[in-house]
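See structure below.
Naming convention: chains lettered A, B, ... in sequence-line order (proteins, then strands); numbering from 1 in each chain. Only a predicted model underlies this, so the values are computations on that prediction, with no experimental measurement involved.
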2 protein chains.
Amino acid sequence: MQKESGTTSDGGADAFAADLLRGHTDTIVLGVLRREDRYGFEIYKAIRDATGGDYEIKEATLYAAYRRLVKDGLVEAYWGDESQGGRRKYYRITDAGRAVYRRNVDAWVVTRRTIDSLLDLKGS
Amino acid sequence: MQKESGTTSDGGADAFAADLLRGHTDTIVLGVLRREDRYGFEIYKAIRDATGGDYEIKEATLYAAYRRLVKDGLVEAYWGDESQGGRRKYYRITDAGRAVYRRNVDAWVVTRRTIDSLLDLKGS
DNA sequence: GTGTAGTAGTTCATCAGATACAGTACTGGT
DNA sequence: ACCAGTACTGTATCTGATGAACTACTACAC
């Protein structure tokens with residue numbers, strides 16, 4: 001994508017979308033998987049619905065996150081036997097994944113407080 | 001299977017630092033400049049102190065942000081006349097900058113709520 | 001006088017996450 | 001048959017954050 005002479009302050013009206021979630025994707029996925037196993041597209045839809053259209057974490061972003069999480073041993077993948085040709089790859093959170101999830105939630109709380117204080121959003 | 005990300009056996013413990021602030025840097029800088037003009041290193045110190053060591057936005061990151069903000073017309077830069085060789089480059093937020101700041105704060109509130117709900121953090 | 005540390009600013013190469021885009025494959029409705 | 005939606009994958013590209021190195025001045029010590 002290009003800037004299109006983006007000096008106009010309006011050019012970036014919707015440009016701040018999902019970059020603000022950057023770095024939190026893995027934690028969000030772990031959060032979804034915390035309760036039960038889900039398959040990839042299901043997680044995508046769950047997040048898409050939960051964000052209510054405000055943000056949308058793109059499929060490619062999520063599948064990259066799955067790959068990362070599997071590589072790091074935080075989730076395990078297995079193919080569901082839909083047997084009608086459906087090929088759903090399910091993900092299960094591991095103990096290591098739960099530990100990282102808890103740690104990342106703590107980190108998120110700190111992050112939230114940090115940004116709030118930097119933006120002076122205590123009670124105003 | 002394995003958890004260690006492979007790069008460093010122990011480095012993962014606190015490796016989640018400032019990437020979580022990613023995308024918010026510009027807004028944070030605008031937030032600092034909202035009240036009064038500041039020079040680069042001063043902003044750096046202000047943020048470093050405000051984060052209390054939890055995170056630290058690196059100098060290079062901030063100077064890159066200043067460049068970006070100036071390029072986009074959200075802040076203006078001018079040299080302070082310290083006249084003792086001191087070379088402090090001050091930054092002043094523009095009207096466009098204030099507008100973007102307000103918009104980004106709104107976006108942050110949505111982001112915060114979004115992540116909170118995805119992590120199921122209603123009341124913690 | 002030299003050394004060292006802190007202040008202040010800048011440039012550059014590199015990394016990693018997010019995304020656009022393209023592709024494969026199956027299913028259900030018209 | 002066609003098309004939209006489901007479901008998964010791969011790759012190229014963009015951007016922000018960072019490490020590292022650099023210039024330059026001041027202050028304090030030895």
| query | With respect to the side chain of B/Arg68, which nucleotide from C/dA18, D/dA24, D/dG16 is positioned closest? | reply | D/dG16
| Does C/dA18 have OP1 or OP2 sitting under 4.0 Å from an N or O in the side chain of A/Arg22? | no
| query | How would you list, by chain and number, every residue that makes a side-chain hydrogen bond (donor to acceptor under 3.5 Å, both in side chains) with B/Lys58, sequence neighbours excluded? | reply | B/Glu56
| field | Set of ring pair (Phe, Tyr, Trp, His ring centres under 6.0 Å) partners for B/Tyr66, sequence neighbours left out | value | B/Tyr63, B/Tyr91
| query | Quick one: which of D/dT18, D/dA7, C/dA8 gets closest to the side chain of B/Lys58? | reply | D/dT18
| Near-strand residues of residues 28-40 of chain B, defined as heavy-atom separation under 4.0 angstrom from DNA chain C | B/Tyr39, B/Gly40
What N/O pairs connect the protein and nucleotides 10-13 of chain C at under 3.5 Å? Give each pair on its own line.
from   : atom 1 : to      : atom 2 : distance (Å)
C/dT10 : OP1    : B/Lys89 : NZ     : 2.7

| query | Is the phosphate of D/dG16, meaning OP1 or OP2, less than 4.0 Å from a side-chain N or O of B/Thr25? | reply | no
| Set of residues satisfying ring pair (Phe, Tyr, Trp, His ring centres under 6.0 Å) with respect to A/Tyr44, sequence neighbours excluded | A/Phe41
| query | So which nucleotide from C/dA18, D/dA24, C/dT7 ends up closest to the side chain of B/Phe41? | reply | C/dT7
| said: List the residues meeting side chain to side chain contact (heavy atoms under 4.5 Å, CB included) with B/Ile93, not counting sequence neighbours, and say none if there are none. | reply: B/Leu30, B/Leu33, B/Arg98
| field | Of all pairs that satisfy salt bridge (charged side-chain N to carboxylate O under 4.0 Å, His left out), the ones with a partner from residues 27-39 of chain B, not counting sequence neighbours | value | A/Asp120-B/Arg34, A/Asp120-B/Arg35, B/Glu36-B/Arg38, B/Asp37-B/Arg92
| note | Taken in chain and number order and not counting sequence neighbours, the residues that satisfy side-chain hydrogen bond (donor to acceptor under 3.5 Å, both in side chains) with A/Arg68 are A/Asp26
